[in-house]
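Worksheet: one structure, shown below.
Here is how names work: the chains are called A, B, and so on, in the same order as the sequence lines, proteins then strands, and each is numbered from 1. Atoms considered below: every heavy atom in the structure, side chains included; atoms not considered: hydrogens, waters and symmetry mates.
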2 protein chains.
Amino acid sequence: MKRRDYGQYCGLARALELIGERWALLIVRNLAVRPHRYTDLLDGLPGIPTNVLSTRLKELEHSGTIERRIAPAPQRGVLYALTPLGHELEPAIFALGRWGALHMDEPRPGEIVTSESVIMNLRGVFDAEAAAALSACWEIRAPDLVLHLVVTDGKLEAGVGPAPAEPDLVITFQPDELPSYRELMQAAKCGLVELSGRRELLDTFLRVFAIPQPV
Amino acid sequence: MKRRDYGQYCGLARALELIGERWALLIVRNLAVRPHRYTDLLDGLPGIPTNVLSTRLKELEHSGTIERRIAPAPQRGVLYALTPLGHELEPAIFALGRWGALHMDEPRPGEIVTSESVIMNLRGVFDAEAAAALSACWEIRAPDLVLHLVVTDGKLEAGVGPAPAEPDLVITFQPDELPSYRELMQAAKCGLVELSGRRELLDTFLRVFAIPQPV
DNA sequence: CCGAATCCGCAGTGATACTG
DNA sequence: CAGTATCACTGCGGATTCGG
């Protein structure tokens with residue numbers, strides 16, 4: 001397991017040696033949402049070659065960023081999950097995601113949106129100050145995509161699947177609308193979504209999940 | 001100028017397409033300290049092939065992250081500098097640098113330390129809360145390395161070269177001590193440095209530039 | 001089905017030489 | 001000083017195959 005290095009005793013250089021290679025940080029992003037099995041990762045990262053995925057998983061495990069687990073009884077199989085050290089990458093993922101969002105004007109042809117990308121984008125733009133003392137529960141629905149956002153006393157929990165309790169507001173997208181967080185905001189502002197529940201929470205939503213403005 | 005993409009409409013994926021290729025973020029790191037000429041970048045990034053450097057500079061200019069400038073009168077020549085959009089990458093660089101620092105136990109044989117890496121590491125670990133209302137000026141000296149840290153009312157300015165005004169404390173390293181920020185802290189704690197000035201500011205220094213603890 | 005290993009063609013990278 | 005040119009090499013993308 002020889003890796004190319006940058007020859008510098010520097011935190012950034014170390015980080016890039018460990019998670020700077022192609023696909024690595026996207027794997028970490030998906031694992032930050034929840035543990036995945038190998039085939040879940042393949043599904044959530046369309047286009048990744050299987051040999052690259054298995055190589056990255058070994059490298060990330062070797063560097064202590066992720067770990068292999070044996071899934072519990074009903075499913076059985078291998079689960080990949082972030083270690084505590086891997087979770088320490090989340091601030092960097094959020095910062096990079098916010099910067100990249102400045103370059104997201106229009107989706108390019110063929111680009112897809114996955115649950116994991118939406119969740120991590122939303123976690124990254126969550127404005128804790130604007131949400132101080134807030135409690136609310138949203139559910140986002142689109143074709144092949146259901147996720148929930150629960151804010152409890154200003155603290156965010158965002159995950160795949162329907163809300164654990166009855167959501168305050170359900171936001172439903174039509175098939176032709178990309179439910180990325182940017183498009184979501186724009187669509188919501190233009191009234192292109194279907195709302196069910198406490199409609200006044202849409203404004204709260206748009207305020208708490210603030211879009212980085214493109215330059 | 002075709003680039004490989006990840007096929008996802010996602011902020012992180014966008015960011016990785018733009019600055020995820022080899023050497024790109026290290027170039028941005030160096031330009032974040034001050035504008036550089038082409039040969040300065042070559043010196044500050046030992047090992048980078050010249051064709052890779054020129055390719056990255058073109059890509060980064062194309063994405064609006066950096067810009068070419070004609071240097072003013074005395075020097076004349078080309079200067080590369082970050083655009084405002086490029087400066088928006090600094091939080092991500094700091095976050096990655098702090099994470100990478102968790103993996104920096106010992107310097108590896110042959111690894112070097114540059115002014116730019118030390119400055120950006122220090123900027124990244126600067127604790128604004130701990131430095132609130134503080135004003136102080138340090139100068140760090142080592143072989144082939146002089147840099148200054150000026151905190152004015154809790155706000156940090158860190159750059160290459162000697163301090164603009166008389167420093168409150170000068171910290172001088174011996175040739176055998178790597179003046180990376182981590183080694184610097186350890187050496188300073190062990191008294192392996194030469195101090196000149198208000199010695200009590202060493203404790204302040206260690207408090208305001210907090211080391212990320214390795215896991 | 002899950003979790004990969006293997007093979008091949010090609011694009012990105014590294015090292016060096018060379019040039020306006 | 002600020003790059004371009006060349007060439008060997010390695011990593012990546014795409015597909016197929018394989019073992020549990």
(request) Flag the pair A:P164 / A:V150 as yes when at least one side-chain heavy-atom distance between them is below 4.5 Å, and no otherwise. (result) yes
side-chain contact (heavy atoms from CB on, under 4.5 Å) partners of [X], counting only residues at least two apart:
X: B:A131; value: B:F126, B:L134, B:V208
X: A:R108; value: A:E111, B:D5, B:R14, B:E17
X: A:N51; value: A:P49

Identify each atom pair where a protein N or O and an N or O of nucleotides 17-20 of chain D are less than 3.5 Å apart, giving names and distance.
none

(request) Show your working on salt bridge (Lys or Arg N to Asp or Glu O under 4.0 Å) between B:K58 and B:E61 and close with a plain yes or no. (result) CA-CA 5 Å; B:K58 270 177 243 171; B:E61 185 185 7; over 6 Å; no
Output the rounded distance in Å from [atom1] ([X]) to [atom2] ([N]).
X: A:I27; N: C:dA4; atom1: CD1; atom2: C1'; result: 14 Å
X: B:K58; N: C:dT13; atom1: NZ; atom2: P; result: 14 Å
X: A:L60; N: C:dA4; atom1: CG; atom2: P; result: 13 Å
X: A:L53; N: D:dG13; atom1: CG; atom2: C1'; result: 13 Å
X: A:E59; N: D:dT10; atom1: CD; atom2: P; result: 16 Å
X: B:L79; N: D:dC1; atom1: CG; atom2: P; result: 12 Å

(request) Without swapping roles, check the side chain of A:R123 against the backbone of A:A158 for a donor-acceptor pair under 3.5 Å. (result) yes
(message) Whether the side chain of A:E139 engages the backbone of A:A163 through a donor-acceptor N/O pair (distance < 3.5 Å, no angle test) should be reported.
(response) yes
(message) Looking at B:Y80, I'd like to know whether one of its side-chain N or O atoms comes within less than 4.0 Å of OP1 or OP2 on D:dG3.
(response) yes
(message) Looking at C:dG14, I'd like to know if its phosphate oxygens (OP1 or OP2) sit under 4.0 Å from a side-chain N or O belonging to A:R4.
(response) yes
(request) Can you spot which of A:T50, A:L57, A:I48 makes a side-chain contact (heavy atoms from CB on, under 4.5 Å) with A:L41? (result) A:L57
(request) Report the residue (A:G77 or A:D5) whose heavy-atom-nearest nucleotide on DNA chain C is the more 5′ of the two. (result) A:G77
(request) Could you tell me which residues satisfy ring pair (Phe, Tyr, Trp, His ring centres under 6.0 Å) with A:Y38, sequence neighbours excluded, listed by chain and number? (result) none
(message) Going by ring pair (Phe, Tyr, Trp, His ring centres under 6.0 Å), name the residues that satisfy it together with A:Y6, two or more places apart in sequence or in a different chain.
(response) B:W23
(message) Does A:R68 reach a base, just sugar-phosphate, or nothing at all? Heavy atoms under 4.0 Å.
(response) sugar-phosphate
(message) Considering every strand and a 4.0 Å limit on heavy-atom distances, what is the contact class for B:R56: base, sugar-phosphate, or nothing?
(response) sugar-phosphate
(request) With axes from five pairs an end, tell me the bend angle of the helix from C:dC1-D:dG20 to C:dG20-D:dC1, nearest 10°. (result) 30°
(request) To the nearest 0.5 angstrom, please state how far the CZ atom of A:R22 sits from the CG atom of B:L16. (result) 9.0 Å
(message) Please enumerate all residues that pass side chain to side chain donor-acceptor pair (under 3.5 Å) together with A:E21, with sequence neighbours excluded.
(response) none
(message) Please give me every residue in residues 15-24 of chain A whose heavy atoms get under 4.0 Å of an atom in DNA chain D, ordered by residue number.
(response) A:R22, A:W23
(message) Below 4.0 angstrom, which residues in residues 36-52 of chain B have at least one non-hydrogen atom near DNA chain D?
(response) B:R37, B:Y38, B:T39, B:T50, B:N51
(request) Sequence neighbours left out, what pairs pass side-chain hydrogen bond (donor to acceptor under 3.5 Å, both in side chains) with at least one residue falling in residues 156-166 of chain A? (result) A:H148-A:E157
Residues 80-87 of chain B side chain polar contacts: donor-acceptor under 3.5 Å, at least two apart:
unit_1 : atom_1 : unit_2 : atom_2 : d
B:Y80  : OH     : B:R68  : NH1    : 3.2
B:T83  : OG1    : B:G64  : O      : 2.6
B:T83  : OG1    : B:T65  : O      : 3.0
B:T83  : OG1    : B:L85  : N      : 3.4
B:T83  : OG1    : B:G86  : N      : 3.1
B:H87  : ND1    : B:E90  : OE2    : 2.5

